[in-house]
Visitor: 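The structure is given below, and queries will be raised subsequently.
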Amino acid sequence: MSTERSETTVADVGGVGWVVGGAVGGAIGSIAFGAILWLLDPAVVEITIPEFYGLEPVGAVGWGIHAAHGIVLGLLFGFLVTRDPILRTLRMTVDTDALSRTDVWIRVVGAGFVFGLAIWAILPVIVLPVWADTLGAGGAGEFPAFAAESLLGHVLFGTVLGLVFATVVDLTDRVAAVPAAS
């Protein structure tokens, strides 16, 4: 019987984990983004978002859909940043003075910012117009895909997501002992 142990990286604090961190961060980030949209043009949240799904703009339907999108994207972010290649990159020691003084927390917030930019470049700019044309959704022309508020909102979403995720999930380099198979 072997007494050797293998080491695995743990990206979790108190059992919370990347799933909860991603979902909570995504929900809070989508609320922040939705608030900007609602302040600038309430019709985007209240009417346009439900129209993409063929739903009537009744009550808080648009807010619910927007929050659900944020949760799904938050889960994707949490999954990605806790995978070994990205997590190793976030934890690495660098030779650049400015980056070497930052800790993992700041780097995760930065990763959230970049994630928000990527989401903006992929979803509302590329996917949404194709989806709207395919479904014949009338609200496609009303959604401000290239507008400053869309870019600002997605960057805000990603930054808030990264901030919440970095606060909830411990990504410091910890090791857990796992018994090896005999």
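The first residue of the sequence shown is numbered 1, and numbering continues consecutively from there.
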Visitor: Do Leu152 and Ile31 sit in the same hydrophobic cluster, where Ile, Leu, Val, Met, Phe, Trp and Tyr count as joined when their side-chain heavy atoms come under 4.5 Å apart?
Guide: no
Visitor: Which heavy atom in Ile47 sits nearest to a heavy atom in Pro57, and how many Å separate them?
Guide: CA-CB, 3.8 Å
Visitor: According to a hydrophobic-cluster definition based on side-chain heavy atoms being under 4.5 Å apart (Ile, Leu, Val, Met, Phe, Trp, Tyr only), do Val72 and Leu37 belong together?
Guide: no
Visitor: Is it true that atom CH2 of Trp38 has more than 12 heavy atoms of other residues, nucleotides or ligands lying nearer than 6.0 Å?
Guide: no
Visitor: Is the shortest side-chain heavy-atom distance between Pro124 and His154 below 4.5 Å?
Guide: yes
Visitor: So do the side chains of Val81 and Trp18 get within less than 4.5 Å of each other, counting heavy atoms only?
Guide: no
Visitor: Does Phe52 have its ring centroid less than 6.0 Å away from the ring centroid of His66?
Guide: no
Visitor: Would you call the rings of Phe165 and Phe77 parallel, tilted or perpendicular, taking 30° and 60° as the class edges?
Guide: perpendicular
Visitor: Please tell me if the side chains of Leu171 and Thr82 come closer than 4.5 Å, counting only heavy atoms from C-beta onward.
Guide: yes
Visitor: Could you grab the distance from atom CH2 of Trp120 to atom CD1 of Ile126, nearest 0.5 Å is fine?
Guide: 9.5 Å
Visitor: Are any side-chain N or O atoms of Thr159 and backbone N or O atoms of Leu156, one a donor and one an acceptor, separated by less than 3.5 Å?
Guide: no
Visitor: Ignoring hydrogens, what is the shortest heavy-atom contact between Gly21 and Val168? Give both atom names and the distance.
Guide: CA-CG1, 4.0 Å
Visitor: Which word best sums up how the rings of Phe157 and Phe115 line up, parallel for under 30°, tilted for 30 to 60°, or perpendicular for over 60°?
Guide: tilted
Visitor: So which atom in Val169 and which in Gly17 form the shortest heavy-atom distance, rounded to 0.1 Å?
Guide: CG2-O, 3.3 Å
Visitor: Can you name the nearest heavy-atom pair linking Leu117 to Leu151, along with the distance?
Guide: CD2-CD1, 3.7 Å
Visitor: Once you round to the nearest 0.5 Å, how far does CD1 of Ile28 lie from CG of Leu163?
Guide: 9.0 Å
Visitor: If we only count heavy atoms from C-beta on, is the Tyr53 to Ile65 side-chain gap below 4.5 Å?
Guide: yes
Visitor: Looking only at heavy atoms, what is the nearest atom pair of Ile49 and Gly62, with distance?
Guide: CG2-O, 4.0 Å
Visitor: Do you know which two heavy atoms are closest between Leu73 and Leu161, and how far apart they sit?
Guide: O-CD2, 4.4 Å
Visitor: Once rounded to the nearest 0.5 Å, what's the spacing between atom OG of Ser150 and atom CG of Leu123?
Guide: 10.0 Å
